[in-house]
Amino acid sequence: MASERYNAPLREKHWQKVWEERQTFLTRDDDSRPKRYQLEMFPYPSGRVHMGHVRNYTLGDVMARYMRAKGFNVLHPMGWDAFGLPAENAAMERKVHPAKWTYENIATMKAQLKSMGLSIDWSREFATCDPSYYVHQQRLFLDFLEAGLAYRRTAKVNWDPVENSVLANEQVIDGRGWRSGAVVEQRDLTQWFFRITAYADQLLEALDGFAGRWPDFVCTSQRNWIGRSTGQLVSFALKGPKLPKKLASLEIFTTRPDTLFGASFMAISPEHPLAQHLAKKSVKLAAFIEECRKIGTTEEALARAEKKGFDTGVVAEHPLKPGETLPVFVANFILMDYGTGAIFGCPAHDQRDHDFARKYGRPIVPVVLPPGADAASFSVADEPYLGDGTLFNSQWLDGLSVEAAKDKVADWLKERGLGERKVNYRLRDWLISRQRYWGCPIPVIHCEACGIVPVPQKDLPVKLPEDATFDRPGNPLDHHPTWKFTTCPKCGADARRETDTMDTFVDSSWYPYRYCAPDAPTPTVKAAIDRWMPVDQYIGGKEHAVLHLLYARFFARGMKATGHGNVDEPFTAMFTQGIVVHETFRAESGEWLMPSEVRIEGEGAARKATHIASGKPVVIGAIEKMSKSRKNVVDPDDIIAHFGADTARLFIVSDSPPDRDIIWTEGGVAGAGRQVQRISRIIDEVVEKAPKPLARPGELGPEANELRKAAHKALAAVGQNIEGLRYNVAVAQIYEFLNTLQSLLGKSGQGLDFAIREAGELLVQMVGPMLPHLAEDCWARLGYNTLLADQPWPQAEAALLVDDQITIAVQVNGKRRDELTVARDATAGEIETAALGLESVVRALAGKPVKKVIVVPQRIVNVVG
RNA sequence: GCGGGCGUGGCGAAACUGGUAGACGCAACGGACUUAAAAUUCGUAGGGCCGCAAGGCCCAUGGGGGUUCAAGUCCCCCCGCCCGCACCA
């Protein structure tokens, strides 16, 4: 009997309906099974689901379904990261309100996600742009404010001229806005910050415990970003024309206090108070500072500009060498942001100081002698020496190691009140103000008399006005005719609302908590977060290595400190998926073409592409990340409508390891589609042979035993590989088993029908996490009226996982010459005897005496001649 | 410059703590089925050499050294690619 072709699109709709009707994936809190919180980064509702989403949610769904079968009470929720600038841009371009645009996109994308057959508890869904979500975010903000974790200050900030808003440091990539790509300018503005630096040390140290559970590159990226360096503050007394008391000494930060005896100049930032003070009296200096400022409007330009200094005429007394003075320069490469905005220059042991000293004729005195070098002839005239060594030219430090010298200097300075040890960080506080409409309003009121006044709890949420206009640049909240005018909750006087909204990364910093109790009247509920947090496995894109993943770690600590959280680390394990890439196509005119507009013929070098509509040749370009601008996108809807969601899911998980980029190919998808049909066909044949489970016969023939071993070995291996997120290997093992099953289907043997039936059932359960619809369909064909989604993961029979007879390789002098099939528990002696008796071994030895035989039982034997 | 990751057939890849390199799949080639195609199915297959054949031998995990009975895996040097940080004092 030829089995019918499996109509995936039709059957998938059916099973999705069944799951929904039976509330199969509704997660209950009052369930005694152990919990498992599986989460993928929630999507921004940009319009339509793209292949990156399909990959992300497939990867998570395989894990969620597997863990469900393994007996866990799985929380696998979904929601919408719904605030953000694209909604406002749409409002400007298409005259549609951001809310309308956003909620329409959510409806579209939700339907698309549902067509993927994800095991999601949709009852916990929320959108961050909904007041029922952001009211709690405003509560969290006010508690952070009270705890000193949120504050407002004037600072030099990154201004994105395209977004018309400020950006956090993390959102500036290579001097450009992370979303707009516009060159970011520096502006002095009064803005809201979160005090992430309060947790710099904690955030750094906890990374050490992540090994094996978080990708290495994420941990190192975060370490680099936090940028901890241990050093020393040193005070230099200044001598100069009438310096005010405040400026009578200059404090610097250094990581090389051991090289103090090699100091030959001082340098301060153009923004340093001392520079600013001196500029008032020096036109030349003021001009120099102005010149620095002009270059320094962008980070990029700042980094490339030529190093320049201006000798102020002020001198600093060397704290370790009484009577010696050092000239103080204003230099364009000193950052006010880092350390104290001032340094001492030791040209002999620092590249930049070396360059500077040569340009401005300062002496270069070496103070660290490399191991084995001769003090009399050692020279740093051409380049500085940056390595370790022994101190010299340094009076009471002579002979010490670099480390010992650092300690001795630190103690010496401390005793005299001239400095102390200091840990410095690169990490800056998180700037969360945005001059945008479509974000969570910052719930404070500015009163002339009372200052910053929190909006009282009873007045929360501070809702966005619905009647904002988007027809001109700038902040629509600020433009609104009435919204910002209010009265002070404290004194009742006229007052003004804060018109900044929060960075949308705030929204995503705590959403995992909200899924635990999505309808609660408080931001979180202790019993619920104790039940579910932390997330056991988080899956998302690599681009959030520092952004979202650092913010969320900070937020967990802030929430704990303010009584809203229960853990320091929100994500026990993190997995970063690769991106989906595709070939690009261009017409001769240079215009990009969609894959669906192109026909491909031939193979390898003879591969040719033609534009279907015009018949003109097409240039096949590089394989790049799917993007609208390159038009190398494949719409998930088309794939699901044609092949079904299971095929898309199978293609996603086969072949490419989940953390690597995956090349989307039309051929590969068709191949996955054929595998889906093949499994369906094989199950039909199984059902034909054994419509019901068969009693196990007393005796099993060799074929039955072979099949059972293949099935149970695959079962065990597939489980392990799913747990380790090696889905591609799991799929390969399923195929291997499938090959065995298929080859035995037409044969007969003692107990083979029993084994075939068993294998068919195990196959269906094994593919369940990846191909949930097909598996459900096959489960019904096997005669069950239960749902596969409710079946426990079967237990592999331990006895079938080991073989009685095993084949081991036989090497002579390390080269494989033969193989040997022996009993599993054969002793080393038995194996040695058998190996030495092999004709192939005798021949390879060519008469040479055997010197040694190495036997690794169950693996290998090596005869050394 | 500092730090992290990676480099295996035509392609995607596999290989547990050093122990038969290339599982599994894609593409390819040959055969069967078919009026034909699709679908399906059986088979071949890292490169090279010897042999009618059975079979045997050599070379192969970016390159070069080393440790070891044994190296894709460990160590050193070099080349290339990807990522993070970078006038950071």
Side-chain angles (χ1 to χ4, degrees), chain A residues 2 5 173 215-229 231-232 252-256 259 267 269 299 302-307 331-335 337-346 350-353 355-356 386 424-426 542-543 545-546 576 603-605 651 654-657 659-663 665 667-668 670-672 674-675 677-678 681 717 720-721 724 726 728-739 742-743 746 807-820 840 843-844 851-856 858-865:
Chain A
R5 201 180 153 75
I173 315 288
D216 288 340
F217 92 92
V218 175
C219 296
T220 40
S221 296
Q222 294 206 356
R223 274 191 199 100
N224 283 339
W225 190 259
I226 295 167
R228 181 192 150 107
S229 63
Q232 176 76 39
I252 61 97
F253 175 76
T254 178
T255 56
R256 293 298 301 272
T259 63
S269 164
E299 294 213 336
L302 206 74
R304 281 162 213 256
E306 189 196 350
K307 281 136 206 68
N332 64 353
F333 59 88
I334 306 297
L335 307 171
D337 246 11
Y338 189 81
T340 61
I343 62 152
F344 81 86
C346 175
D350 181 280
Q351 184 64 56
R352 200 194 39 210
D353 293 350
D355 297 345
F356 193 84
L386 308 177
N424 206 31
Y425 297 91
R426 213 184 70 85
K542 297 178 197 227
E543 67 277 16
V546 174
T576 49
E603 287 302 325
F651 176 76
S654 342
D655 294 345
S656 287
D659 58 334
R660 280 191 221 172
D661 293 352
I662 183 170
I663 306 172
T665 63
R674 280 196 295 272
Q675 295 290 354
Q677 293 299 331
R678 181 179 172 218
R681 218 165 38 236
Q720 276 176 19
N721 283 310
R726 295 178 296 269
N728 56 319
V729 186
V731 170
Q733 273 146 347
I734 290 171
Y735 287 164
E736 204 173 349
F737 158 54
L738 207 51
N739 289 344
Q742 193 168 14
S743 70
T807 302
I808 64 172
V810 180
Q811 294 183 335
V812 177
N813 292 326
K815 295 204 172 182
R816 184 180 175 281
R817 294 298 174 190
D818 208 339
E819 57 185 35
L820 202 54
S840 53
R843 187 178 52 228
K851 283 190 202 142
K852 193 155 65 157
V853 179
I854 286 129
V855 179
V856 183
Q858 297 172 37
R859 285 199 190 276
I860 206 166
V861 50
N862 190 8
V863 179
V864 185

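Residue numbers start from 1 in every chain, and the chains themselves are labelled A, B, ... in the order their sequence lines are given, proteins ahead of strands.
In this structure a side-chain-to-backbone donor-acceptor pair under 3.5 Å is present from Lys542(A) to Asp659(A). When atom types are taken as modelled, the side chain of Asn721(A) and the backbone of Ala717(A) share a donor-acceptor pair closer than 3.5 angstrom. With hydrogens and angles ignored, the 3.5 Å screen pairs no side-chain donor or acceptor of Ser654(A) with any backbone N or O of Asn728(A). Under the 3.5 Å distance criterion, the side-chain polar atoms of Asp818(A) are left unmatched by any main-chain donor or acceptor of Val810(A).
Using atom P as the reference point in both A39(B) and A27(B), the two lie 10 Å apart (nearest Å). For the P atom pair drawn from A21(B) and G5(B), the interatomic distance equals 28 Å after rounding to whole Å. For the C1' atoms, the distance linking U17(B) with A13(B) amounts to 23 Å, nearest Å. Using C1' as the reference atom, G22(B) and C74(B) are 22 Å apart when rounded to the nearest Å. C75(B) and G7(B) have their P atoms separated by 15 Å, with the value rounded to a whole Å. Using P as the reference atom, U8(B) and G64(B) are 16 Å apart when rounded to the nearest Å. Rounded to whole Å, the C1' atom of A45(B) lies 9 Å from the corresponding atom of A28(B). Taking atom P in both A23(B) and G30(B), one finds a spacing of 22 Å when rounded to whole Å.
With a 4.5 Å cut-off on side-chain heavy atoms, Asp655(A) and Arg660(A) do not count as touching. Residues Gln677(A) and Gln675(A) have side chains not in contact (no heavy-atom distance under 4.5 Å, counting atoms from C-beta outward). Counting only heavy atoms from C-beta outward, the side chains of Gln232(A) and Thr255(A) never approach each other to under 4.5 Å. Side-chain contact between Ile854(A) and Val861(A): absent, with no pair of heavy atoms (C-beta onward) separated by less than 4.5 Å.
In this structure, Ile734(A) reaches neither bases nor backbone, as no heavy-atom distance under 4.0 Å exists between it and the strands shown. Asp353(A) comes within contact range of no nucleotide atom at all, as no heavy-atom separation falls under 4.0 Å. The residue Arg817(A) sits close only to the backbone: its heavy atoms come under 4.0 Å of sugar-phosphate atoms, none of a base. Backbone-only engagement by Glu736(A) is indicated by non-hydrogen atom pairs under 4.0 Å involving sugar-phosphate atoms exclusively. Among the atoms of the strands shown, only primed sugar atoms or phosphate atoms (P, OP1, OP2) are found under 4.0 Å from some heavy atom of Arg674(A). Within 4.0 Å (heavy atoms only), Gln675(A) reaches sugar-phosphate atoms of the nucleic acid but no base atom. Within 4.0 Å (heavy atoms only), Gln232(A) reaches no atom of the nucleic acid at all. Residue-level contact check: Thr807(A) touches the bases, meaning some heavy atom is under 4.0 Å from a base atom.
For the pair Ile854(A) CD1 and A70(B) C1', the computed distance is 7 Å after rounding to whole Å. What separates CD of Gln742(A) from P of G25(B) is a distance of 10 Å, to the nearest Å. One interatomic measurement links the two molecules: CG of Asn862(A) to C1' of A71(B), which rounds to 13 Å at whole-angstrom precision. Lys542(A) has its NZ atom 10 Å from the P atom of C83(B), to the nearest Å. Rounded to an integer number of Å, the gap from CG of Asp337(A) to P of A89(B) is 14 Å. Rounded to whole angstrom, the span from the CG atom of Asn813(A) across to the C1' atom of U68(B) amounts to 13 Å. As a whole-Å value, the separation of Arg816(A) CZ from A71(B) P is 16 Å. Atom pair Arg426(A):CZ and G3(B):P shows a separation of 17 Å (rounding to whole Å applied).
Of the candidates G19(B), A89(B), A23(B), G19(B) carries the atom nearest the Ile860(A) side chain, counting heavy atoms from C-beta on. Taking only side-chain atoms of Tyr338(A), from C-beta outward, the nucleotide of U20(B), A89(B), C58(B) with the closest atom is A89(B). When distances run from any side-chain atom of Arg681(A) to the nucleotides G25(B), C88(B), U40(B), the shortest one goes to U40(B). For Lys852(A), the side-chain atoms get nearest to C69(B) when compared with the rest of C69(B), U20(B), A89(B).
Nucleotide G7(B) forms a pair with C79(B), judged by Watson-Crick or G-U wobble geometry with both contacts under 3.5 Å. U68(B): no Watson-Crick or G-U partner with both key distances under 3.5 Å is found in any strand. Remark: G1(B) base-pairs with C85(B); criterion is Watson-Crick or G-U wobble with both hydrogen-bond distances under 3.5 Å. Base-pair partner of U73(B): not found among the strands shown (Watson-Crick or G-U wobble, both distances under 3.5 Å). The partner of U34(B), taking Watson-Crick or G-U wobble pairs whose two distances both stay under 3.5 Å, does not exist in any strand shown. Shown here, G43(B) forms a base pair with C29(B); the pair counts as Watson-Crick or G-U wobble because both key distances fall under 3.5 Å. With both pairing distances under 3.5 Å, A23(B) is matched to nothing as a Watson-Crick or G-U wobble pair. U17(B) is unpaired under the criterion used here, namely a Watson-Crick or G-U wobble arrangement in which both key atom distances are under 3.5 Å.
Here the shortest heavy-atom pairing between Val546(A) and Trp225(A) reads CG1-CG, 3.5 Å.
In this structure, Tyr735(A) and Val856(A) both approach RNA chain B, and ranking their closest nucleotides by distance from the 5' end singles out Val856(A). Between Ala844(A) and Gly341(A), the residue anchored nearer the 5' end of RNA chain B, judged by the nucleotide with its closest heavy atom, is Ala844(A).
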Base versus backbone protein contacts along nucleotides 5-17 of chain B [heavy-atom cut-off under 4.0 Å; B, S, -]: S------BSS-BB
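A side-chain donor-acceptor contact under 3.5 Å links Tyr338(A) and Ser229(A). Side-chain contact, Arg678(A) with Gln742(A): a donor N or O sits under 3.5 Å from an acceptor N or O.
In this structure, G9(B) is classed as syn because its glycosidic torsion stays within 90° of zero.
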